[in-house]
Structure formats: C-alpha cells, structure tokens
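Please read the structure below before turning to the comments.
Atoms considered below: every heavy atom in the structure, side chains included; atoms not considered: hydrogens, waters and symmetry mates. Quick caveat, the model's predicted, so the values are computed rather than measured.
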Amino acid sequence: MRSAIAPKIGDKVLILRPAYVAGRVGKVFAKEVLSGDYPSERWLIRVDSEDIVVSLNSKEFEVVNDDFEIS
C-alpha cells in the first residue's frame with residue numbers, strides 16, 4: 001500500500017521504517033537541506049506520539065488522509 005501522493009509540508013504520514021518509529025503517524029515538517037544549502041532527497045517528519053523529528057526518504061513513509069486512524 002504505497003501512496004501515489006507526492007509529500008508536501010504539512011501532510012499527515014504513516015511511518016513504515018525504521019522499526020523504532022514504524023506504525024506511528026507524523027507530519028511532514030520540511031524538506032531536508034544539507035550543509036551548503038544542498039537539497040536532499042529526504043524529508044523531516046515530526047512524530048506525533050514522540051518528541052522527535054526523523055529524517056526519512058519517501059519509501060519510508062506514506063501520505064495518508066486526515067481521517068486515517070491506527071487501530
């Protein structure tokens with residue numbers, strides 16, 4: 001179940017990997033920028049249930065609808 005939606009800042013996402021945050025929901029916080037202002041292919045995701053931000057590539061999460069709930 002991969003989302004065909006390209007991520008953008010503010011999107012709600014389901015984290016697929018890495019294991020320590022897999023299954024949690026977060027929000028796209030920003031596109032990662034490397035030193036020297038070089039753009040990265042990674043996204044910064046703020047994890048809702050934790051006080052952390054993780055750097056993930058687009059294969060490690062999927063964009064979900066606002067009505068998405070984990071049961």
Might you confirm whether atom NZ of Lys31 has over 12 heavy atoms from other residues, nucleotides or ligands at distances under 6.0 Å?
yes
Nearest 0.5 Å, what's the CD-CH2 distance between Glu32 and Trp43?
11.0 Å
Looking only at heavy atoms, what is the nearest atom pair of Val47 and Val54, with distance?
CG2-CG2, 4.2 Å
Would you say Val33 and Ile45 are hydrophobically clustered, going by side-chain heavy atoms of ILVMFWY under 4.5 Å?
no
Is there a side-chain contact (heavy atoms from CB on, under 4.5 Å) between Leu16 and Glu60? Walk through the geometry before answering.
CA-CA 5 Å; Leu16 307 173; Glu60 295 175 317; 5.6 Å; no
Smallest separation among heavy atoms of Ser40 and Leu34, with atom names
CB-CG, 4.1 Å
Applying a strict under-4.5 Å side-chain criterion to I, L, V, M, F, W and Y, I'd like to know whether Val53 and Tyr20 cluster together.
no
Do Asn57 and Glu41 come within less than 4.5 Å of each other through their side chains, counting heavy atoms only?
no
Measure across Phe29 and Ile9 and return the closest heavy-atom pair with its distance rounded to 0.1 Å.
O-CG2, 3.7 Å
Heavy-atom neighbours of Arg42 CZ exceed 12 at 6.0 Å
yes
Between Val28 and Pro7, what is the shortest heavy-atom contact and its length?
CG2-CB, 4.4 Å
Is there a path of hydrophobic side-chain contacts, each under 4.5 Å between heavy atoms of I/L/V/M/F/W/Y residues, joining Leu56 to Val63?
yes
Kindly indicate whether the side chain of Ile52, heavy atoms from C-beta on, has any atom under 4.5 Å from the side chain of Val21.
yes
Got a second to check how far Asp48's CG is from Lys27's NZ, nearest 0.5 Å?
6.5 Å
Which heavy atom of Asp11 sits nearest to which heavy atom of Ala6, and what is that distance?
OD2-O, 3.9 Å
